[in-house]
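My questions will all concern the structure given below.
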Amino acid sequence: MPRRNSTVRGREFGTGLRAAVGRSGLGHHMLADMLGWDYAKMSDLMNGKGGTSEIELAQLLGVCRIKPDECAHLLELFRVSREKGWWQLHDGVMPVNVRTLVEHEDAAIELIFWSLNMIPGLLQTPGYMRAVMRVWPSIPQGEIELRVDARLARQEILERGRVCTFYVHEQVLRAEVGGREVMSDQLHHLLRMLVRPHITLRVVPVSIGAHAGMAGSFHLMKFARIQPVVHVEGENSSQFLEDTASIKVYTNILESLDRTALDAEQSRRLITHLAT
């Protein structure tokens with residue numbers, strides 16, 4: 001099936017616009033008639049195919065009585081909807097949920113993670129999450145349980161059989177995050193998750209020394225009809241990379257990690273040893 005020419009920003013614009021129009025209660029045919037548009041024009045806009053000016057989009061948002069802040073957000077996304085890559089800078093702290101990330105993970109057919117410093121979020125236990133969040137200076141202590149709930153909800157993607165491969169550095173498994181009891185529970189949780197055929201975990205051993213993933217953690221999302229996207233998370237920012245050169249760079253890192261990591265069975269045995 002051919003890949004669609006779309007971008008992270010463009011897809012977020014399309015999702016946001018469809019949601020906003022849906023909340024208006026007005027059907028697409030009715031809106032086209034009210035604006036004097038051909039229905040095909042309305043359909044193209046709703047499906048991210050363009051063909052509309054910024055002024056026409058503003059007219060549509062006005063007819064749908066979209067609130068000013070959401071209207072401004074959608075217009076800004078529309079202006080940059082064809083630009084590849086997106087650095088989202090958040091005010092002081094990462095939001096409880098990064099909407100762009102969640103939507104792309106939901107749409108992906110395969111997720112590949114590299115984690116240098118901690119258990120990947122999709123595999124964390126609540127105890128491990130709380131231990132990490134308590135020492136994270138930018139996370140308000142009163143938000144910890146809200147964030148734990150949000151991360152657990154995000155883990156539901158694993159219940160839907162999404163193909164996931166996790167590469168983790170051995171130091172991640174040996175660090176007693178939250179103390180011995182919390183970490184023991186976390187390691188046993190990994191072993192339970194690895195029984196599932198769609199989940200693979202590979203450990204990059206400390207003994208190899210230098211390795212391709214030393215620059216930091218990231219994950220690659222693959223899709224059926226759009227180009228792959230790499231997500232890199234910072235202290236208060238999210239970076240989405242989708243240009244060909246960047247995808248090649250991060251794919252090369254994963255290929256190198258694949259050559260140096262323990263195989264799945266060796267990794268399972270190491271986790272079992274550390275858990276006992």
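Residue numbers start at 1 and run along the sequence shown.
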### Query
Between Glu242, Arg99, Arg11, which is the residue that forms a side-chain hydrogen bond (donor to acceptor under 3.5 Å, both in side chains) with His104?
Arg11
### Message
Would the distance check show the side chain of Gln155 and the main-chain N or O of Gln124 forming a donor-acceptor pair, the cut-off being under 3.5 Å?
### Response
yes
### Query
Are Leu146 and Ile139 joined in one hydrophobic group, where the rule is that I, L, V, M, F, W and Y side chains link up if heavy atoms are under 4.5 Å apart?
no
#### Entry: Side-chain donor or acceptor of Gln186 paired with backbone N/O of Leu123 under 3.5 Å
yes
### Query
Would you call Glu159 and Arg196 a salt bridge, taking side-chain N to carboxylate O under 4.0 Å as the test?
yes
### Message
Do the side chains of Arg9 and Glu12 get close enough for a salt bridge, i.e. N-O under 4.0 angstrom?
### Response
no
### For Ala261 against Arg202, the heavy-atom pair lying closest together
O-NH2, 3.3 Å
### Query
Among the clusters formed by ILVMFWY side chains lying less than 4.5 Å apart, do Leu122 and Tyr128 turn up in the same one?
yes
### Query
Crowded around Glu181 CD? As in, over 12 foreign heavy atoms under 6.0 Å?
no
### Task
Using atom types as modelled and distance alone, determine if a side-chain donor or acceptor of His73 lies under 3.5 Å from a backbone N or O of Asp69.
no
### Query
Under 6.0 Å from the NZ atom of Lys222, do we count more than 12 heavy atoms belonging to anything else shown?
no
### Task
State whether the side chain of Thr251 and the backbone N or O of Ile247 hold a donor-acceptor pair below 3.5 Å, judged by distance alone.
yes
### Message
Using only atom types and a distance under 3.5 Å, with no angle test, would you say the side chain of Asp38 pairs donor to acceptor with the backbone of Lys41?
### Response
no
### Query
Can you name the closest pair of heavy atoms from Tyr39 and Ala32 and give their distance?
CA-CB, 4.1 Å
### Task
State the CG-CG distance between Leu257 and Asn252, to the nearest 0.5 angstrom.
11.0 Å
When the side chains of residues 106-120 are checked against the rest of the protein, which donor-acceptor pairs come out under 3.5 Å, sequence neighbours left out?
unit_1: Asp106; atom_1: OD1; unit_2: Arg160; atom_2: NH2; d: 3.1
unit_1: Trp114; atom_1: NE1; unit_2: Gly213; atom_2: O; d: 2.9
unit_1: Trp114; atom_1: NE1; unit_2: Gly216; atom_2: O; d: 3.3
unit_1: Ser115; atom_1: OG; unit_2: Met118; atom_2: O; d: 2.3

### Task
Say whether Trp86 and Leu241 are linked into one hydrophobic cluster, either directly or through other cluster members, by side-chain heavy-atom distances under 4.5 angstrom.
no
#### Entry: Minimum heavy-atom distance between Met133 and Gln141, given as atom pair plus value
O-NE2, 3.9 Å
### Approximate separation, where rounding is to 0.5 Å, of Leu274 CG and Met183 CE
8.0 Å
### Beyond-backbone contact of Leu57 with Leu75, side-chain heavy atoms, under 4.5 angstrom
yes
### Task
Would you mind reporting whether Trp136 and Glu235 have side-chain heavy atoms less than 4.5 Å apart?
yes
### Min side-chain heavy-atom separation Val203-Val172 under 4.5 Å
no
### Task
Return yes if some donor-acceptor pair links the side-chain N/O of Glu170 with the main-chain N/O of Val206 below 3.5 Å, else return no.
yes
### Query
Do Met42 and Leu35 touch side chain to side chain, with heavy atoms closer than 4.5 Å?
yes
### ILVMFWY network linking Val204 to Leu190, side-chain heavy atoms under 4.5 angstrom
no
### Query
Could you state the interatomic distance from NE2 (His28) to CG (Leu45), rounded to the nearest 0.5 Å?
9.0 Å
#### Entry: OG1-CG distance between Thr200 and Leu194, expressed to the nearest 0.5 angstrom
8.0 Å
### Task
Could you pull out all residues at least two apart from Glu70 that satisfy side-chain contact (heavy atoms from CB on, under 4.5 Å)?
Ala20, Arg23, Ile66, Leu74
### Task
May I ask you to decide if the ring planes of Phe218 and Tyr250 are parallel, tilted or perpendicular, using 30° and 60° as cut-offs?
perpendicular
### Query
If you group Ile, Leu, Val, Met, Phe, Trp and Tyr by side-chain heavy-atom gaps below 4.5 Å, do Val102 and Val232 land in one group?
no
### Task
Answer yes or no: is there a donor N or O on one side and an acceptor on the other, between the side chain of Ser256 and the main chain of Ile253, under 3.5 Å?
no
### Query
Under a 4.5 Å cut-off applied to non-hydrogen side-chain atoms, are Val148 and Ile144 in contact?
yes
#### Entry: From Ile271 atom CD1 to Ser267 atom OG, the distance as rounded to the nearest 0.5 Å
6.5 Å
### Task
Starting at CE of Met193, measure out to OG1 of Thr125 and round the result to the nearest 0.5 Å.
11.5 Å
#### Entry: Verdict with reasoning, Val63 to Gln59, per side-chain contact (heavy atoms from CB on, under 4.5 Å)
CA-CA 6 Å; Val63 168; Gln59 291 172 338; 5.6 Å; no
### Message
For Ser138 versus Pro140, what's the shortest heavy-atom pair and its separation?
### Response
O-CD, 3.4 Å
### Query
Is the backbone N or O of Phe78 less than 3.5 Å from a side-chain atom of Ser81, with the two atoms forming a donor-acceptor pair by type?
yes
## Note on the structure
Closest heavy-atom pair, Pro95 versus Val98, reported as atoms and distance to 0.1 Å, is CG-CG2, 4.0 Å
### Query
Between Tyr167 and Asp258, do the side chains contain an N or O donor and an N or O acceptor separated by less than 3.5 Å?
yes
#### Entry: Residues, nucleotides or ligands: over 12 heavy atoms within 6.0 Å of Ile55 CD1
no
### Message
Does any part of the side chain of Phe13, heavy atoms only, come nearer than 4.5 Å to the side chain of Val80, both counted from C-beta?
### Response
no
### Query
For Glu156, what residues pass the side-chain hydrogen bond (donor to acceptor under 3.5 Å, both in side chains) criterion, not counting sequence neighbours?
none
### Query
Are Glu145 and Arg130 side-chain neighbours, meaning at least one heavy-atom pair lies under 4.5 Å?
yes
### Side chain His211, main chain Pro205, donor-acceptor under 3.5 Å
no
### Query
Does the side chain of Leu262 reach to within under 4.5 Å of the side chain of Arg269, using non-hydrogen atoms?
no
### Query
How about Arg65: does its CZ atom have over 12 heavy atoms from other parts shown lying under 6.0 Å from it?
no
#### Entry: Ion pair Arg154/Glu105, N-O distance below 4.0 Å
yes
